[in-house]
Amino acid sequence: MSGRHLLQIPGPTNVPGRILQAISRPTIDHRGPEFRRLAGEILEKLPLIFKTSRSVVIFPASGTGAWEAALVNCLSPQDRVLIYETGHFASSWQRLANKLSLQTTVLSTDWRHGVDPALLEDALTEDRQRTIKAVCIVHNETSTGVCSDIAQVRSAMDRAGHPALLMVDTISSLASIDYRHDEWGVDVTIAGSQKGLMLPPGLSFNAISDKAIFAAKDARLVKAYWDWQDILGANRDRFFPYTPATNLLFGLREALAMLLEEGLEQVFARHARLAQATRRAIKAWELELLCLDPERYSNSLTAVVMPDSYDADAFRQTVLEHFDMSLGNGLGRLGGKIFRIGHLGDFNDLMLASTLSGIEMTLKLAEVPHRPGGVQAALDYLSETTRRP
Ligand SMILES: *Cc1c(COP(=O)(O)O)cnc(C)c1O
């Protein structure tokens with residue numbers, strides 16, 4: 001097919017030319033002076049994205065590695081963690097915790113709502129022996145398009161007076177949706193390179209509070225590759241204990257420059273506006289959003305419920321064959337029932353217009369019941385809210 005493929009899954013996202021170019025430089029000595037300057041710049045700027053004044057650890061791994069790192073650095077065998085199951089990713093994190101010989105207590109949603117702070121507070125208040133050592137929350141549940149309120153989670157933990165660590169997965173929200181590691185009292189923030197940071201897959205991150213560093217001193221789960229202490233120690237000299245993903249770090253330096261040039265608040269506003277335009281289209285098509293709580297709509301992706309007896313995967317296949325666009329599939333129990341539109345990262349009005357056009361044309365082609373006019377509704381919203389440069 002001629003022209004460009006549209007990668008509208010909620011991660012990996014479209015990698016902009018500036019980052020591709022930065023990555024394609026010759027690899028350098030990761031123990032030499034040029035690398036030191038690169039690492040120095042990254043280690044100084046990266047915390048700004050997490051809104052933390054503390055260190056952020058970088059792993060050459062996908063996001064799953066940073067989930068594991070958060071748990072093995074802070075916890076001991078048989079420790080109890082509370083996982084709020086907002087969707088497929090929260091439940092994958094739980095399975096990972098179980099494999100690490102942690103005990104998990106699960107609070108569930110219907111996968112259409114976010115974290116209920118009152119339920120969390122009750123569960124923590126009932127834990128009178130304080131056996132729960134960590135609370136694990138997925139900020140933006142990528143399988144459902146539901147974004148929980150982390151400030152409310154923090155308040156619920158404070159009201160319960162519970163000392164558990166707060167661990168938050170921001171893999172599909174960081175650098176797309178407002179997030180504040182320090183202000184919200186998060187102990188470990190988990191993030192990845194391939195979504196809001198606009199990089200290819202391959203890097204992941206832990207932002208770490210002083211309380212988490214302190215907990216790490218007594219934590220007895222086995223760790224070697226993931227050990228924060230070794231990495232933080234080497235980072236003091238702006239090196240890494242093992243070969244870092246040098247070329248992805250070239251890309252990360254460029255991504256940080258791009259985000260800081262645009263300004264984080266503008267980045268969040270851009271995502272909010274494009275997300276709102278997307279929802280206008282879905283409403284006009286008279287299709288159903290998976291997220292049932294307007295306060296919890298995600299600004300980085302939208303999950304759309306397929307009408308009964310229409311298969312979402314067949315629909316996505318038709319989109320791919322006719323228009324060379326990838327949409328996200330339904331994960332876990334949502335398989336075949338929904339499709340997901342990624343509208344995060346390096347993304348703008350006309351990319352969204354293309355995305356929605358591909359969907360509207362396929363709704364017609366595949367004879368999915370809908371009302372035409374979704375694209376027009378989105379365009380109207382975009383033109384009403386456009387700002388003069
Ligand atoms: C993408 C994603 C993950 C998985 O990350 P990998 O890089 O595939 O290991 C975990 N959690 C959330 C919320 C995600 O969006």
Side-chain angles (χ1 to χ4, degrees), residues 7-15 50 57-72 81 83-97 99-100 104 109 111 113-115 134-150 153 166-179 181 186 188-207 225-226 245 248 251-252 255 271 275 290-291 296-303 326-332 334 338-345 347:
L7 184 65
Q8 296 321 135
I9 60 176
T13 62
N14 294 288
V15 181
F50 292 81
V57 166
I58 307 171
F59 300 105
S62 87
T64 304
W67 269 349
E68 176 161 345
L71 298 174
V72 296
V81 300
I83 309 236
Y84 214 116
E85 196 208 307
T86 44
H88 174 78
F89 285 102
S91 105
S92 304
W93 198 3
Q94 185 218 346
R95 278 194 302 279
L96 183 141
K99 283 185 183 172
L100 293 171
T104 51
T109 68
W111 288 25
H113 292 84
V115 169
V135 172
C136 296
I137 307 283
V138 174
H139 178 211
N140 186 66
E141 184 43 87
T142 323
S143 62
T144 62
V146 178
C147 187
S148 291
D149 184 325
I150 302 303
V153 167
L166 172 57
M167 299 187 178
V168 180
D169 170 343
T170 65
I171 297 178
S172 66
S173 55
L174 191 84
S176 305
I177 299 171
D178 188 19
Y179 183 76
H181 176 91
V186 179
V188 188
T189 296
I190 293 99
S193 56
Q194 75 272 30
K195 303 190 185 181
L197 289 176
M198 307 174 285
L199 293 159
L203 292 180
S204 56
F205 310 92
N206 280 169
Y225 188 77
W226 305 114
L248 286 176
L252 178 57
H271 281 81
L290 183 65
C291 179
R296 301 277 79 87
Y297 286 155
S298 166
N299 285 340
S300 61
L301 77 132
T302 300
S326 299
L327 295 172
N329 62 337
L331 294 166
L334 295 170
I338 63 158
F339 63 89
R340 296 172 300 143
I341 307 167
H343 36 75
L344 74 164
F347 198 60

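For reference, positions follow the sequence shown, starting with 1. Counting convention: from 1, in listed order, for ligands and their atoms alike. Just so we're clear, the structure is a prediction, and the values are computed from it rather than from any experiment.
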Query - Atom pair OG1 (Thr13) and NE2 (His343), whose distance is rounded to the nearest 0.5 Å - result: 13.0 Å

Report task. Check if Glu141 has a non-hydrogen atom at a distance under 4.0 Å from any atom of ligand 1. Result -> no

**Report entry** Side chain to side chain, Arg340 and Leu331, heavy atoms closer than 4.5 Å
**Finding:** yes

Query raised in the report: At a 4.0 Å threshold, what atoms of ligand 1 neighbour a non-hydrogen atom of Ser172?
Result: 15 (O)

Query raised in the report: Where is the tightest heavy-atom contact between Ala69 and Phe59, given as atom of each residue plus distance?
Result: CB-CZ, 3.4 Å

Report summary line: Ranked by distance from atom 8 (O) of ligand 1, the top protein heavy atom is Gln194 NE2, 4.1 Å

Query raised in the report: Below 4.0 Å from any atom of ligand 1, is there a heavy atom belonging to His139?
Result: no

**Report entry** Ligand-side contact atoms (ligand 1) for residue partner Val138, heavy atom cut-off under 4.0 Å
**Finding:** 13 (C)

Report task. May I ask whether Asn140 has any heavy atom positioned less than 4.0 angstrom from an atom of ligand 1? Result -> yes

Query raised in the report: Ser204 and Ser62: which non-hydrogen atoms are nearest, and at how many Å?
Result: OG-O, 3.0 Å

Query - Pairwise distance OG1(Thr144) to NE2(His113) - rounded to 0.5 angstrom - result: 11.0 Å

Query raised in the report: Do Phe89 and ligand 1 have an N or O pair less than 3.5 Å apart?
Result: no

Query raised in the report: Taking the six-membered ring for Trp, are His139 and Tyr179 parallel (under 30°), tilted (30 to 60°) or perpendicular (over 60°)?
Result: tilted

Report summary line: Ranked by distance from atom 14 (C) of ligand 1, the top protein heavy atom is Lys195 NZ, 3.0 Å

Query raised in the report: Looking at atom 12 (C) of ligand 1, what's its closest protein heavy atom, distance included?
Result: Asp169 OD2, 3.4 Å

Query raised in the report: Would Thr142 and Ser172 count as having a side-chain donor-acceptor pair, cut-off 3.5 Å?
Result: yes

**Report entry** Atom indices of ligand 1 within 4.0 angstrom of Ser62 heavy atoms, with elements
**Finding:** 6 (P), 7 (O), 9 (O)

Report summary line: Minimal heavy-atom distance between Ala191 and Ala66, with the atoms involved, is O-CB, 4.2 Å

Query raised in the report: If you count the atoms of ligand 1 from 1 in the order shown, which ones are under 4.0 Å from a heavy atom of Thr142?
Result: 12 (C), 13 (C), 14 (C), 15 (O)

Query raised in the report: Under a heavy-atom criterion of less than 4.0 Å, does Trp93 contact ligand 1?
Result: no

